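Quick note: numbers below take in every heavy atom, side chains included, and nothing from hydrogens, waters or symmetry partners. Source: prediction; values computed, not measured.
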Amino acid sequence: MRRHRERTKTLLTSNRASPVKTAFVFAGGGSFGAIQVGMMHALAAHGISADMVVGSSVGALNGAYYAGDPTLKGVLQLETIWRGLQRHDVFPVTWRTLVGFVWRRDFLIPNDGIRKLIDDHIPYRNLEDAKLPVHIVTTDILSGDSIVLSEGSTADAIVASTAIPGAFAPVRYKDLYLADGAISSNTPVRIAVKKGARRLIILPTGYACAEHAPPSGAVANALHALTLLIARQLVSELEGLHPGIEYYVVPPLCPLVGSPYDFTRTADHIERAIQSTDAWLAQSGLEQRGIPHEMRPHGH
């Protein structure tokens, strides 16, 4: 392990001397965002950092937090926050919200939970004040185009990027109505390239691949469908990248049990992701390009 760490540090030292910019690219995935926290823990423990952050959906929340404190200490604080999360903190569905949905017919869940998480835990109010450049991906709900927010209100950007259509109301931004970045670019690798990154370290969340039946409930099913979309979209985008772009995909967990609407497995997701990412790094993962088999379509 010591020899591996020394090789990793040598690789990173040469990277810092290079003008090549590295982006951490965070995918969406609901409660599976905990997996990214475990990945970040392992990367930070090995001294691996980024020059910029690009995130979509729950990846926008994780990425924005990392951009505010891109250190192992910061990641450990994020880990503590995730370990304390419960479903109602993010998806506060109550009888009152259900009655409101019936009468208003516009959205099911208020975004108060997400906004409170941002206000309580992300120290900068505007994106341009983060320690690293941070780019939050949203979707213009009318045109379907990706809209990338790199300045302005941190809370509004993240709330928009996590606003699942039908579950959360879109966010008004200038003359646009913005919703979940997952719709247009769930793992925004091309956006990272447009922002100047030439080396991408991609943190996917994966998808439930060990279930024998679909999850129950409307929101759970919507999130499960999004995670499947994420995986297929990521493979397609990576296969279409210019060969001059370096990319490394941290392997997601497989088998992965549970729903992206289920926050009871957070601790297990984090621990498994730390172990699997440590193993990937020990096997020279950051020296081998390619799409991990965990991202390819596969059975239970």
Practice item. Enumerate the residue pairs fulfilling ring-ring contact (aromatic ring centres under 6.0 Å, His included) with a member in residues 49-81, sequence neighbours excluded, ordered by first and then second residue. Key: F24-Y66
Practice item. Under the side chain to side chain contact (heavy atoms under 4.5 Å, CB included) rule, what do I158 and L117 come out as? Steps first, then yes or no, please. Key: CA-CA 10 Å; I158 297 173; L117 280 174; over 6 Å; no
What's the shortest heavy-atom distance between [X] and [Y], and which atoms?
X	Y	answer
I274	G38	CG1-O, 3.5 Å
A163	A179	O-CB, 3.5 Å
A157	I136	O-CG2, 3.5 Å
G196	K21	O-CB, 3.8 Å
H269	L253	O-CD1, 3.8 Å
T22	S49	CG2-O, 4.1 Å

For [X], all residues meeting side-chain contact (heavy atoms from CB on, under 4.5 Å), sequence neighbours excluded:
X	answer
A67	V53, Y124, A130, L132, V134
N126	E128, D129
S146	V137, S184, S185, I191
E246	R199, Y248, R289

**Study point:** L43 vs L281, side chain to side chain contact (heavy atoms under 4.5 Å, CB included): CA-CA, chis, key distance, verdict
**Key:** CA-CA 8 Å; L43 291 170; L281 290 169; 4.3 Å; yes
Check your understanding: With sequence neighbours left out, what residues match H135 under ring pair (Phe, Tyr, Trp, His ring centres under 6.0 Å)?
Key -> none
Practice item. Go through the steps to decide whether K195 and V148 satisfy the test side chain to side chain contact (heavy atoms under 4.5 Å, CB included), and finish with yes or no. Key: CA-CA 10 Å; K195 292 298 181 180; V148 184; 3.9 Å; yes
Residues in side chain to side chain donor-acceptor pair (under 3.5 Å) with [X], at least two apart?
X	result
D140	S143
K131	none
R115	D156

Check your understanding: Going from CZ on R125 to OG1 on T154, what distance comes out if it is rounded to the nearest 0.5 angstrom?
Key -> 7.5 Å
Point to revise | Separation of E79 CD from I270 CD1 (nearest 0.5 Å) | key: 5.0 Å
For the pair [X] (side chain) and [Y] (backbone), establish whether a donor and an acceptor sit closer than 3.5 Å, ignoring hydrogens and angles.
X	Y	result
Q36	A27	yes
H46	I48	no
R190	L241	no
T205	G33	no
S56	G59	no
Q288	Q283	yes

Review point. Do S57 and D180 get their side chains close enough for a donor-acceptor pair, meaning under 3.5 Å?
Key: yes
Review point. Quick one: do L127 and F26 end up in the same hydrophobic cluster if we chain Ile, Leu, Val, Met, Phe, Trp and Tyr together by side-chain heavy atoms under 4.5 Å apart?
Key: yes
Study note, to complete from the structure: Hits for salt bridge (Lys or Arg N to Asp or Glu O under 4.0 Å) against D51, two or more places apart or cross-chain, chain-then-number order -> none
Quick one: side chains of residues 168-175, donor-acceptor pairs under 3.5 Å with protein atoms, not counting sequence neighbours, listed by atom name and distance.
| from | atom 1 | to | atom 2 | distance (Å) |
| --- | --- | --- | --- | --- |
| R172 | NE | K174 | O | 3.0 |
| R172 | NH1 | Y177 | OH | 3.1 |

Review point. Under the side chain to side chain contact (heavy atoms under 4.5 Å, CB included) criterion, do R83 and V37 qualify, and how do the steps go?
Key: CA-CA 10 Å; R83 288 178 184 274; V37 179; over 6 Å; no
Point to revise | Under 4.5 Å side-chain linkage, directly or through intermediates, the cluster mates of L76 | key: L72
Practice item. Please say which of I202, L286, T277, I35 ends up in a side-chain contact (heavy atoms from CB on, under 4.5 Å) with V250. Key: T277
